[in-house]
Novice: 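If you scroll down you'll find the structure; I have some questions about it.
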Amino acid sequence: MDLVKKTSEMSLKSNGESKMQQKREDYIDWTEYFMAMAFLAAKRSKDPHFQVGACVVNKENKIVGIGYNGMPIGCSDDKFPWGKNTPSPLDSKSLYVCHAEMNAILNKNSADVKDCTIYVGLFPCNECAKIIIQSGITEVVYLAHKSWDKPKYAASKIMFDAVGVKYWQYKPKNDKIEIRFTISNDGPS
(Lines give C-alpha, C1' and ligand atoms only; values in the text may rest on other atoms or scores of the structure.)
Protein backbone atom coordinates (compact mmCIF):
# COMPACT_ATOMS: atom_id res chain seq x y z
CA MET A 1 0.00 0.00 0.00
CA ASP A 2 1.52 3.36 -0.90
CA LEU A 3 2.21 5.96 1.78
CA VAL A 4 -0.40 8.48 0.57
CA LYS A 5 -3.21 5.92 0.58
CA LYS A 6 -2.16 4.53 3.98
CA THR A 7 -1.96 8.03 5.47
CA SER A 8 -5.34 8.91 3.99
CA GLU A 9 -6.96 5.80 5.45
CA MET A 10 -5.36 6.39 8.86
CA SER A 11 -6.74 9.94 9.01
CA LEU A 12 -10.36 8.88 8.53
CA LYS A 13 -12.61 7.66 11.29
CA SER A 14 -14.99 4.83 10.65
CA ASN A 15 -17.78 7.34 10.02
CA GLY A 16 -15.69 9.18 7.41
CA GLU A 17 -14.80 12.24 9.53
CA SER A 18 -11.22 13.43 9.67
CA LYS A 19 -9.09 12.56 12.72
CA MET A 20 -6.37 14.97 11.67
CA GLN A 21 -4.93 17.05 14.46
CA GLN A 22 -5.59 20.80 14.24
CA LYS A 23 -2.68 23.17 13.68
CA ARG A 24 -1.34 24.98 16.70
CA GLU A 25 -2.53 28.54 17.20
CA ASP A 26 0.41 30.06 19.07
CA TYR A 27 2.76 30.42 16.07
CA ILE A 28 4.32 33.80 15.24
CA ASP A 29 3.20 35.82 12.22
CA TRP A 30 5.51 36.88 9.39
CA THR A 31 6.26 40.34 10.76
CA GLU A 32 7.20 38.97 14.17
CA TYR A 33 9.30 36.26 12.54
CA PHE A 34 11.29 38.71 10.41
CA MET A 35 11.76 41.19 13.25
CA ALA A 36 12.94 38.30 15.44
CA MET A 37 15.43 37.36 12.71
CA ALA A 38 16.77 40.92 12.78
CA PHE A 39 17.14 40.69 16.56
CA LEU A 40 18.85 37.31 16.30
CA ALA A 41 21.31 38.75 13.76
CA ALA A 42 22.01 41.61 16.18
CA LYS A 43 23.35 39.06 18.67
CA ARG A 44 26.42 38.78 16.37
CA SER A 45 27.32 42.46 16.87
CA LYS A 46 30.31 43.23 19.07
CA ASP A 47 29.28 46.87 19.56
CA PRO A 48 29.14 47.59 23.31
CA HIS A 49 26.55 50.38 22.87
CA PHE A 50 24.02 49.21 20.28
CA GLN A 51 23.49 45.79 18.77
CA VAL A 52 21.36 46.24 15.68
CA GLY A 53 20.27 43.65 13.13
CA ALA A 54 18.42 43.87 9.84
CA CYS A 55 16.52 41.36 7.71
CA VAL A 56 15.58 41.97 4.05
CA VAL A 57 12.56 40.06 2.77
CA ASN A 58 11.03 39.81 -0.70
CA LYS A 59 7.33 39.79 -1.61
CA GLU A 60 7.20 35.99 -1.33
CA ASN A 61 8.24 36.22 2.37
CA LYS A 62 11.68 34.83 1.61
CA ILE A 63 14.68 36.24 3.42
CA VAL A 64 17.15 37.63 0.90
CA GLY A 65 19.60 39.35 3.25
CA ILE A 66 20.65 39.50 6.89
CA GLY A 67 23.11 41.85 8.57
CA TYR A 68 24.23 43.39 11.82
CA ASN A 69 26.38 46.36 12.80
CA GLY A 70 30.07 45.58 12.77
CA MET A 71 33.46 46.40 11.34
CA PRO A 72 34.11 46.03 7.59
CA ILE A 73 35.54 42.72 6.42
CA GLY A 74 39.26 42.63 7.18
CA CYS A 75 39.10 45.37 9.85
CA SER A 76 39.80 43.58 13.11
CA ASP A 77 37.17 43.90 15.83
CA ASP A 78 40.10 44.02 18.27
CA LYS A 79 42.11 46.75 16.51
CA PHE A 80 39.42 49.27 15.56
CA PRO A 81 37.72 51.48 18.15
CA TRP A 82 34.30 50.84 19.67
CA GLY A 83 34.22 54.14 21.60
CA LYS A 84 31.62 56.88 21.32
CA ASN A 85 31.99 60.63 21.89
CA THR A 86 35.78 60.37 21.97
CA PRO A 87 38.16 63.38 21.99
CA SER A 88 39.41 62.44 18.52
CA PRO A 89 36.93 61.46 15.80
CA LEU A 90 39.44 58.84 14.61
CA ASP A 91 38.97 57.03 17.92
CA SER A 92 35.19 56.79 17.48
CA LYS A 93 33.41 53.77 16.06
CA SER A 94 31.14 55.98 13.94
CA LEU A 95 33.80 56.42 11.25
CA TYR A 96 34.33 52.68 10.88
CA VAL A 97 31.28 50.57 11.73
CA CYS A 98 29.02 49.32 8.94
CA HIS A 99 25.38 49.56 9.97
CA ALA A 100 23.07 46.56 9.94
CA GLU A 101 21.01 47.88 7.00
CA MET A 102 24.11 48.25 4.82
CA ASN A 103 25.33 44.78 5.71
CA ALA A 104 21.93 43.17 5.09
CA ILE A 105 21.71 44.78 1.64
CA LEU A 106 25.31 43.94 0.73
CA ASN A 107 24.96 40.37 2.08
CA LYS A 108 21.96 39.71 -0.16
CA ASN A 109 21.58 36.26 -1.69
CA SER A 110 19.62 37.49 -4.73
CA ALA A 111 20.36 39.63 -7.77
CA ASP A 112 18.81 42.67 -6.11
CA VAL A 113 16.52 43.77 -3.28
CA LYS A 114 14.14 45.83 -5.42
CA ASP A 115 10.62 45.97 -3.95
CA CYS A 116 11.74 44.23 -0.75
CA THR A 117 10.98 45.12 2.86
CA ILE A 118 13.70 45.64 5.46
CA TYR A 119 13.06 44.82 9.13
CA VAL A 120 15.41 46.62 11.51
CA GLY A 121 15.66 47.17 15.25
CA LEU A 122 16.30 50.93 15.03
CA PHE A 123 14.95 53.47 12.53
CA PRO A 124 17.63 54.00 9.86
CA CYS A 125 20.01 56.95 9.88
CA ASN A 126 20.36 59.17 6.80
CA GLU A 127 23.29 57.16 5.41
CA CYS A 128 21.35 53.90 5.62
CA ALA A 129 18.25 55.60 4.20
CA LYS A 130 20.25 56.52 1.11
CA ILE A 131 21.41 52.90 0.70
CA ILE A 132 17.85 51.63 1.24
CA ILE A 133 16.49 54.01 -1.40
CA GLN A 134 19.27 53.30 -3.90
CA SER A 135 18.80 49.53 -3.51
CA GLY A 136 15.09 49.73 -4.39
CA ILE A 137 13.70 48.64 -1.01
CA THR A 138 10.16 49.99 -0.71
CA GLU A 139 9.26 49.41 2.94
CA VAL A 140 11.03 49.83 6.30
CA VAL A 141 9.66 48.15 9.42
CA TYR A 142 11.44 49.28 12.59
CA LEU A 143 10.99 48.52 16.26
CA ALA A 144 12.33 51.70 17.86
CA HIS A 145 13.89 55.05 17.07
CA LYS A 146 16.58 56.96 18.92
CA SER A 147 15.39 60.51 18.46
CA TRP A 148 13.27 62.19 15.82
CA ASP A 149 14.96 65.49 16.72
CA LYS A 150 18.36 64.43 15.38
CA PRO A 151 18.96 65.70 11.83
CA LYS A 152 20.14 62.29 10.56
CA TYR A 153 16.77 60.69 11.41
CA ALA A 154 14.72 63.66 10.24
CA ALA A 155 16.64 63.52 6.93
CA SER A 156 15.76 59.82 6.60
CA LYS A 157 12.07 60.58 6.97
CA ILE A 158 12.29 63.44 4.45
CA MET A 159 14.02 61.20 1.89
CA PHE A 160 11.67 58.25 2.46
CA ASP A 161 8.64 60.53 2.09
CA ALA A 162 10.08 62.12 -1.07
CA VAL A 163 10.52 58.79 -2.86
CA GLY A 164 7.57 56.90 -1.39
CA VAL A 165 9.40 54.41 0.82
CA LYS A 166 6.81 53.29 3.36
CA TYR A 167 8.02 53.11 6.98
CA TRP A 168 6.20 52.08 10.12
CA GLN A 169 6.91 51.10 13.69
CA TYR A 170 6.24 47.50 14.62
CA LYS A 171 4.51 46.94 17.95
CA PRO A 172 5.27 43.35 18.99
CA LYS A 173 2.57 41.08 20.36
CA ASN A 174 5.13 39.33 22.54
CA ASP A 175 7.86 40.97 24.57
CA LYS A 176 10.10 37.97 23.96
CA ILE A 177 10.44 34.89 21.82
CA GLU A 178 12.36 32.07 23.43
CA ILE A 179 14.57 29.70 21.50
CA ARG A 180 15.70 26.51 23.20
CA PHE A 181 18.29 24.19 21.75
CA THR A 182 16.57 21.06 22.99
CA ILE A 183 14.62 18.48 21.06
CA SER A 184 11.64 16.59 22.41
CA ASN A 185 9.82 13.64 20.85
CA ASP A 186 7.64 16.16 19.02
CA GLY A 187 10.63 18.02 17.52
CA PRO A 188 12.54 21.16 18.59
CA SER A 189 10.91 23.07 21.42
Novice: Would you give the length of the straight line joining atom OH of Tyr153 to atom CH2 of Trp148, rounded to the nearest 0.5 angstrom?
Specialist: 9.5 Å

Novice: Distance check, rounded to the nearest 0.5 Å: Ile132 atom CD1 versus Glu127 atom CD?
Specialist: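 Rounded to the nearest 0.5 Å, the CD1-CD separation comes to 11.5 Å.
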
Novice: Can you give the donor-acceptor pairs under 3.5 Å from side chains of residues 88-95 to other protein atoms, not counting sequence neighbours?
Specialist:
{"residue": "Ser88", "atom": "OG", "partner": "Leu90", "partner atom": "N", "Å": "3.3"}
{"residue": "Ser92", "atom": "OG", "partner": "Ser94", "partner atom": "N", "Å": "3.4"}
{"residue": "Ser92", "atom": "OG", "partner": "Ser94", "partner atom": "OG", "Å": "3.2"}
{"residue": "Lys93", "atom": "NZ", "partner": "Asp47", "partner atom": "OD1", "Å": "3.0"}
{"residue": "Lys93", "atom": "NZ", "partner": "Asp47", "partner atom": "OD2", "Å": "2.6"}

Novice: In this structure, would Leu40 and Val56 fall into the same cluster of hydrophobic residues linked by side-chain contacts under 4.5 Å?
Specialist: no

Novice: Enter the distance from Leu106:CG to Lys108:NZ here, rounded to the nearest 0.5 Å.
Specialist: 7.0 Å

Novice: Does either side chain, that of Asn69 or that of Gln51, offer a donor lying less than 3.5 Å from an acceptor on the other one?
Specialist: no

Novice: Is Val140 reachable from Met102 through a run of hydrophobic residues whose side-chain heavy atoms are each under 4.5 Å from the next?
Specialist: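 The answer is yes; both residues are in one hydrophobic cluster.
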
Novice: Counting distance only, does the side-chain N/O of Asn174 pair as donor-acceptor with the main-chain N or O of Lys176 below 3.5 Å?
Specialist: no

Novice: Looking at side-chain heavy atoms only, is the closest gap between Tyr68 and Lys43 below 4.5 Å?
Specialist: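 They are not in side-chain contact.
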
Novice: Is the shortest heavy-atom distance from the side chain of His49 to the side chain of Trp82 under 4.5 Å?
Specialist: no

Novice: Apply side chain to side chain donor-acceptor pair (under 3.5 Å) to Lys150 and list each qualifying residue two or more places apart in sequence or on a separate chain.
Specialist: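 Scan of Lys150 (side chain to side chain donor-acceptor pair (under 3.5 Å), adjacent residues dropped) gives none.
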
Novice: Which atoms form the tightest heavy-atom contact between Cys98 and Pro72, and what is the distance?
Specialist: SG-CG, 3.8 Å

Novice: Measure the shortest side-chain to side-chain distance between Ile63 and Met37 over non-hydrogen atoms and say whether it is less than 4.5 angstrom.
Specialist: yes

Novice: To the nearest 0.5 Å, what is the distance between OG (Ser156) and CD (Glu101)?
Specialist: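 One gets 9.0 Å once the value is rounded to the nearest 0.5 Å.
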
Novice: Charged N to carboxylate O below 4.0 Å: is that the case for Glu25 and Lys23?
Specialist: no

Novice: So Glu32 and Asp29, do their side chains get closer than 4.5 Å, heavy atoms only?
Specialist: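 In short, these two side chains touch, coming nearer than 4.5 Å.
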
Novice: I'd like to check Phe39 versus Leu143 (side-chain heavy atoms, cut-off strictly below 4.5 Å). Are they in contact?
Specialist: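 Side chain of Phe39 against side chain of Leu143, heavy atoms only: contact under 4.5 Å found.
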
Novice: Out of curiosity, Cys128 SG to Ile105 CD1, how far, rounded to the nearest 0.5 Å?
Specialist: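 Separation between the atoms: 7.5 Å.
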
Novice: If I compare all heavy atoms of Pro124 with all of Ala129, which pair ends up nearest, and what's the gap?
Specialist: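 Pro124 and Ala129 have their closest heavy atoms at CB-N, 4.3 Å.
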
Novice: Given ring-ring contact (aromatic ring centres under 6.0 Å, His included), test Trp168 with Tyr142 step by step and report yes or no.
Specialist: CA-CA 6 Å; Trp168 57 279; Tyr142 65 95; 8.3 Å; no

Novice: The test is side-chain contact (heavy atoms from CB on, under 4.5 Å); show your working for Ile133 and Val165 and say whether it passes.
Specialist: CA-CA 7 Å; Ile133 292 166; Val165 170; 4.1 Å; yes

Novice: Mind checking whether Asn126 and Met159 have side chains closer than 4.5 Å, heavy atoms only?
Specialist: yes

Novice: Would you say Val163 ends up clustered with Val141 if hydrophobic residues are merged whenever their side chains have heavy atoms under 4.5 Å apart, either directly or through other cluster members?
Specialist: no

Novice: Flag yes if Tyr170 and Phe34 sit in one hydrophobic cluster, no otherwise; membership is Ile, Leu, Val, Met, Phe, Trp, Tyr, and two members link when side-chain heavy atoms are under 4.5 Å apart.
Specialist: yes

Novice: Please state whether the rings of Tyr167 and Phe160 are parallel, tilted or perpendicular, taking 30° and 60° as the class boundaries.
Specialist: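 Correct class here is tilted.
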
Novice: Return the SG to CD1 distance between Cys125 and Ile131, rounded to the nearest 0.5 Å.
Specialist: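 The distance works out to 7.5 Å.
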
Novice: Hydrophobic clusters here meaning ILVMFWY residues chained together by side-chain heavy-atom distances under 4.5 Å, can you tell me if Phe50 and Tyr96 are in one?
Specialist: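 Looking at the clustering, Tyr96 is in a separate group from Phe50.
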
Novice: Is the shortest heavy-atom distance from the side chain of Val52 to the side chain of Ser45 under 4.5 Å?
Specialist: no

Novice: Inspect the surroundings of CD in Glu60 and state if more than 12 heavy atoms from other residues, nucleotides or ligands are less than 6.0 Å away.
Specialist: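 Enclosed.
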
Novice: Do His145 and Leu122 come within less than 4.5 Å of each other through their side chains, counting heavy atoms only?
Specialist: no

Novice: Quick one: does Ser110's side chain have a donor or acceptor within less than 3.5 Å of a partner on Val64's backbone?
Specialist: no

Novice: Under 3.5 Å, which donor-acceptor pairs do the side chains of residues 111-120 form with other protein atoms, sequence neighbours left out?
Specialist:
{"residue": "Asp112", "atom": "OD1", "partner": "Lys114", "partner atom": "N", "Å": "3.2"}
{"residue": "Thr117", "atom": "OG1", "partner": "Glu139", "partner atom": "OE1", "Å": "3.2"}

Novice: Within a radius of less than 6.0 Å around NZ of Lys62, do more than 12 heavy atoms belonging to other residues, nucleotides or ligands occur?
Specialist: no

